[in-house]
Amino acid sequence: MEWNDLERDVPQWFERSKLGIFIHWGAYSVAGWAEPTAKLGEIPGDEGWYGHNPYAEWYFNSIRIPNTPAYEHHQKVWGGKPYDVLLDEWKAEEFDAQELVDLFHSVGAGYLVLTTKHHDGITLWDAPGTGNRNTVARGPKKDLVDAYVKATRKAGMRFGAYYSGGLDWWFRHLPAHLSDESVHDKDRPKDAEYAAYALDHLKDLVERYQPDMLWNDINWPDAGKELNTPYALGNFFAEYYAACPQGVVNDRWRVPHADFLTSEYVADLENESKGIWENCRGLGLSFGYNQVESLDHAMSPEEILTTLVDFAARGGRLLLGVGPKADGTLPQWQVDLLLAIKPWMNEFGEMLSGVSRAGNTEVSTESWHRVAQGDDSEYLFIEKPANADEAKVKLQQPLTSVSPEWATVTEGDGCKIIKFNNKVGPAVFKIG
């Protein structure tokens, strides 16, 4: 086969899904610690980032860098014990997959992506070749992937399997990462043995759970990138599409095929102008649970909603990260943020799912706004000004309020005057 044999139209469910939920849950959730320093892409990918990594899910790497805050924290709190002690301390005693998934569904998320294996190599199901280093044999002693798959499908959502193909700190004991070069090239496993091991995991995920998405991270072992070989990733993609015709794959395999491109926080933003894309970011600065984080480090409800609208108008979608605690529950501040966007998503979420691109109508106003093309019309999304209850908009066409509960419009002085009510999220108007 050739790579172009995999070309296909992206399934409609993914085209219309503007909000997904990204769940990072692992042994790192037991430690639940990282420095809330910066967004990915804001500071250079050198020791300044890796030595002060805000991603709690990178705890295994961070504690291997001597004299860093994470190293010192692990010495003080965990006595410098091996990372796998966290796996045995992970009990998931309050875990209720259906309760969490129902929350995600209620706020308008169309799909869920779960970390089935992160860079620490621990799998959330009894994956082949992992021995007892999985959540069925140790820690929670449950198939956590199966629990999430069943809950997601019951809620009518799509299930995506995140898999760290590029890094596995257990399978290959390589040095701690201190640079992007280390992560993406010098210190990642590239060999045939690891390629076979990782591909066996993917095949097992597909056979057991039929995921609607395979969301790989970092890279893929080079030995598996050639077509028509025993470990050929491209040939596996063909098998995956045959087994899951509605399935999609992302671009982080670093091979010539992907159904969609990705950006992360403010990194790889150039991908947002190259086709169908998705941006992932946590509610705060970490994806995994970080006990140091609070609302002070988080997006506001207004920021979440305006980000969703902005992405939809530019052909994208938001994969929003939440980090359950070791017991399986979400931090309350994360629950509160999700509930804060629920009324807007219940009112306008279906309309937003039909938005495919920016509209052509020119609008002049000092308030944040986006004009977007929906299924049947152009829409104006406009946010309440910071210091006023109304905004002036210059526009020739009529405006019809989609929901007067959010805002109403009147004519005045050659412009539209939009009067806002006390609601979270941008007001929505039909143009024309």
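It should be emphasised that the depicted structure is a prediction, and the values quoted were computed from it without experimental measurement. Only this structure's heavy atoms are used, side chains among them; waters, hydrogens and symmetry mates stay out. When a residue number appears, it is its place in the shown sequence, counting from 1.
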Q) Are Y289 and W25 near enough that their ring centres are under 6.0 Å apart? A) no
Discussion item. Please tell me whether F381 and H369 form a close aromatic pair, meaning their ring centres lie under 6.0 Å apart.
Written reply: no
To the nearest 0.5 Å, tell me how far [X] [atom1] sits from [Y] [atom2].
X: H297; Y: W333; atom1: NE2; atom2: CH2; answer: 9.0 Å
X: L380; Y: I431; atom1: CG; atom2: CD1; answer: 5.5 Å
X: K39; Y: E42; atom1: NZ; atom2: CD; answer: 5.5 Å
X: R138; Y: I122; atom1: CZ; atom2: CD1; answer: 7.5 Å
X: H105; Y: K154; atom1: NE2; atom2: NZ; answer: 12.5 Å
X: S286; Y: Y28; atom1: OG; atom2: OH; answer: 9.0 Å

Backbone N or O of [Y] within a donor-acceptor pair of the [X] side chain at under 3.5 Å?
X: D212; Y: G160; answer: no
X: T135; Y: K142; answer: yes
X: Q246; Y: R158; answer: no
X: E378; Y: Q373; answer: no
X: E226; Y: A223; answer: no
X: E383; Y: A427; answer: no
X: T115; Y: I23; answer: yes

The complete set of ring pair (Phe, Tyr, Trp, His ring centres under 6.0 Å) pairs with one or both residues in residues 135-161, sequence neighbours excluded, reads F95-Y148
For [X], which residues count as a ring-ring contact (aromatic ring centres under 6.0 Å, His included) partner, sequence neighbours excluded?
X: F311; answer: W277
X: Y163; answer: H201
X: F287; answer: F22, H24, Y55, Y265
X: F60; answer: Y83, W169

Contacts of type salt bridge (charged side-chain N to carboxylate O under 4.0 Å, His left out), residue [X], not counting sequence neighbours:
X: E15; result: none
X: E193; result: R172
X: E347; result: none
X: E272; result: R314

Nearest heavy-atom pair of [X] and [Y]: which atoms, and what distance?
X: L86; Y: A31; answer: CD1-CB, 4.0 Å
X: A238; Y: M1; answer: CB-SD, 4.4 Å
X: V107; Y: L19; answer: O-CD2, 3.9 Å
X: A195; Y: P221; answer: CA-CG, 3.5 Å

Do [Y] and [X] meet the salt-bridge criterion of a basic N to acidic O distance under 4.0 Å?
X: R188; Y: D222; answer: yes
X: R16; Y: E350; answer: yes
X: K203; Y: D200; answer: no
X: D84; Y: R133; answer: yes

Residues passing the side-chain hydrogen bond (donor to acceptor under 3.5 Å, both in side chains) test with Y71, sequence neighbours excluded, are none
State, with a plain yes or no, whether a side-chain heavy atom of Y209 is found less than 4.5 Å away from one of T116.
no
#### Entry: D146 and R208, any side-chain heavy atoms less than 4.5 Å apart
no
H118 and S164: side-chain hydrogen bond (donor to acceptor under 3.5 Å, both in side chains), yes or no, with the steps?
CA-CA 5 Å; H118 207 263; S164 174; 5.9 Å; no
*State whether the number of non-hydrogen atoms from other residues, nucleotides or ligands found under 6.0 Å of Q12 atom CD is greater than 12.*
no
Applying side-chain contact (heavy atoms from CB on, under 4.5 Å), run through N279 and L319 and close with a yes or a no. CA-CA 6 Å; N279 176 277; L319 183 59; over 6 Å; no
- Message: Quiz question: by atom type and distance under 3.5 Å, do the side chains of K141 and N134 form a donor-acceptor pair?
- Response: no
For this session: For D187 and S182, test the side chains for any donor-to-acceptor distance below 3.5 angstrom and give the result as yes or no.
Result: yes
- Please assess E239 against N235 for the test side-chain hydrogen bond (donor to acceptor under 3.5 Å, both in side chains), listing each intermediate value before the final yes or no. CA-CA 7 Å; E239 297 171 8; N235 295 77; over 6 Å; no
Item to complete: Begin from the C-alpha positions of N290 and Y59 and carry the test side-chain hydrogen bond (donor to acceptor under 3.5 Å, both in side chains) through to its verdict.
Response: CA-CA 10 Å; N290 183 3; Y59 190 73; over 6 Å; no
Under the side-chain contact (heavy atoms from CB on, under 4.5 Å) criterion, do L305 and M345 qualify, and how do the steps go? CA-CA 8 Å; L305 293 171; M345 290 297 292; 4.1 Å; yes
When D168, D204, D126 are each screened for salt bridge (charged side-chain N to carboxylate O under 4.0 Å, His left out) with K117, the one that passes is D168
Kindly indicate, with the supporting measurements, whether the criterion side-chain contact (heavy atoms from CB on, under 4.5 Å) is fulfilled by W125 and L144.
CA-CA 6 Å; W125 87 106; L144 302 176; over 6 Å; no
* **Trace of the side-chain hydrogen bond (donor to acceptor under 3.5 Å, both in side chains) decision for E35 with H52** => CA-CA 6 Å; E35 292 179 84; H52 303 273; 2.9 Å; yes
Contacts satisfying salt bridge (charged side-chain N to carboxylate O under 4.0 Å, His left out) that involve residues 247-265 (not counting sequence neighbours) are R8-D259, D217-R252, R252-E264
The complete set of salt bridge (charged side-chain N to carboxylate O under 4.0 Å, His left out) pairs with one or both residues in residues 284-304, sequence neighbours excluded, reads none
- Residues L352, V309; criterion side-chain contact (heavy atoms from CB on, under 4.5 Å); working and verdict: CA-CA 7 Å; L352 192 65; V309 171; 4.2 Å; yes
